[in-house]
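Here's the structure we're looking at; comments come further down.
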Protein chains: 2
Amino acid sequence: MKDFTSTPPPVKHIAEPTVRRLSGYLRFLEAFDVEGHETISSGELARAGGTTSAQVRKDLSFFGSFGKRGLGYAVKDLIASLREILGLDTRWPVVIVGAGKIGAALAQYRGFGTHGFDVVGIYDTDPSRVGTRLNGVTVRADRDLEGDIATLTPRIAVLCVPGEAAQAALDRVVGAGIRAVLNFAPTSLVAPEGVTVRAVNMATELEVLAYALTNESRD
Amino acid sequence: MKDFTSTPPPVKHIAEPTVRRLSGYLRFLEAFDVEGHETISSGELARAGGTTSAQVRKDLSFFGSFGKRGLGYAVKDLIASLREILGLDTRWPVVIVGAGKIGAALAQYRGFGTHGFDVVGIYDTDPSRVGTRLNGVTVRADRDLEGDIATLTPRIAVLCVPGEAAQAALDRVVGAGIRAVLNFAPTSLVAPEGVTVRAVNMATELEVLAYALTNESRD
DNA sequence: AGTACCTTGTGAAGGATTTCACAAGCACCC
DNA sequence: GGGTGCTTGTGAAATCCTTCACAAGGTACT
């Protein structure tokens, strides 16, 4: 007798690096699928993701067993499983706070939509930006933020405001019920327990590179 | 007799998370300095950086001892030390490959320059973009890339090209001598030994948030 | 039907990073 | 000038993550 579930193990706590890698596997598999491949081995997946085959198998093993011994993984099935694991079997409404250079660029980024995220609102304090359209969504005044969050119920906010305004923006979206935030402002933010904040910080990325270049004596 | 050096320990290998945190401390300290504070304790720094005081002290201890027991750290001195550690006592010339939405937004990002990085070139294949000016730098044709890298000797390249073009762009800049790359394309890249590639991937960040929201059963 | 070959899934080992806990050092005050 | 209070710097312990190594399971070929 076979069982029905495709994701058996009762998931405990998964390390963030693992989740990041899963996302990377998914990205690669989508391209691999388009190229017409039917199956893939943990070794191939590892090479593409810059890791090892054992790591790939261990990452997946936290959530179930998805492969066939001797064969590898069915590409389409693994894509579906990863989507489910990452919570991408629903679409996620997102608000963008700040319609400056970065906010505008993000709003127009197509990959947003194709990966399961819908921009349902963009907000700015600058009256000259309010009312303009970005990729089909009209920029609204920041005073509409709380009301819109209540009615549109986005689960994720992307902050693209200047550093000085970032903490205030975070406090507002959190106050309105948002519990997951992606912060593009170059400031580290303090959030209450239960709110996940991820930061994308240009300066930090460049500094990590500068450090690597300065210390290239690691063999 | 006192010794001269402010960074005594012969640094072995430092974990990437440590370097990221150091960058974060620096970011916060710069703001803290502007507010007029003279000293800071590891505890305050920890709260700002979302970590613990022991972690802060351990991170710094890899590079030397910068504080005064009972007092804390002198803000200006610690800023200078961190800048030196991260390799920010020189300026770093940077080229941006791709002048689309993201490339253009980055080129106009002021924080670039204020943190020690100079955009010395922007390249694109689209003739309609070549010749336009972005924040004082003229977009040049992609065929100028190799020659410019040879003469301007940037050490870092920022890739803002579409996913399909990213690996080719990486190969070109690496071929021209670049050894540190920041990749904004949503593709994971394969680079030869000795080349550091860091990826900033919108999709991955959002997916980590989606995962967190889907599994908010972690108390 | 059996053999050879390949790849997964996973305990166990090994390494790395974080946290703990406390001695040592410094300033301030009486 | 000794006591008090605070904070650093750091070995040691604990935790977390990765790598190893191999049994188990599947396919293909003879």
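Chain letters run A, B, ... following the sequence lines, proteins first and then strands; every chain starts at 1. Only this structure's heavy atoms are used, side chains among them; waters, hydrogens and symmetry mates stay out.
Between the CD atom of B:E16 and the P atom of C:dT18 there is a distance of 11 Å, rounded to whole Å. Rounded to an integer number of Å, the gap from CZ of A:R69 to P of D:dA24 is 9 Å. Atom CZ in B:F63 sits about 14 Å away from atom P in D:dG9, given to the nearest Å. One interatomic measurement links the two molecules: CG of B:D59 to P of D:dT8, which rounds to 13 Å at whole-angstrom precision. One interatomic measurement links the two molecules: CD1 of B:I40 to P of D:dT8, which rounds to 10 Å at whole-angstrom precision. When rounded to the nearest whole Å, the span between CG of A:L60 and C1' of C:dG9 equals 10 Å. We find that CD1 of B:I14 is positioned 11 Å from P of C:dT18, with the value rounded to whole Å. To the nearest angstrom, P of C:dC28 lies 7 Å from CG of B:L71.
No engagement by A:S53 is indicated, since no non-hydrogen atom pair under 4.0 Å with the nucleic acid exists. Backbone-only engagement by B:T52 is indicated by non-hydrogen atom pairs under 4.0 Å involving sugar-phosphate atoms exclusively.
The side chain of B:S65 places an N or O atom within less than 4.0 Å of a non-bridging phosphate oxygen (OP1 or OP2) of D:dG9. For A:S42 and C:dT7, the shortest distance from a side-chain N or O to OP1 or OP2 is not below 4.0 Å. Within the structure, every side-chain polar atom (N or O) of A:Q55 is placed at least 4.0 Å from both OP1 and OP2 of D:dC17. Between B:R21 and the phosphate of C:dT18, there is a side-chain N or O to OP1/OP2 separation shorter than 4.0 Å. In this model, the phosphate group of D:dG26 is not approached by any side-chain N or O of A:Y73 to a distance below 4.0 Å at OP1 or OP2.
Using modelled atom types, one finds no donor on one side chain facing an acceptor on the other under 3.5 Å when comparing A:E205 with A:N201.
The shortest side-chain heavy-atom distance between A:E164 and A:T187 does not fall under the 4.5 Å cut-off. Counting only heavy atoms from C-beta outward, the side chains of B:V181 and B:L189 never approach each other to under 4.5 Å. Side-chain contact between B:Y211 and A:L22: absent, with no pair of heavy atoms (C-beta onward) separated by less than 4.5 Å.
The aromatic rings of B:F117 and B:F112 sit perpendicular, their planes meeting at an angle over 60°, well past the 30° parallel limit.
Of the two residues contacting DNA chain D, namely B:K58 and B:G43, the nearest-nucleotide position lying further toward the 5' end is that of B:G43.
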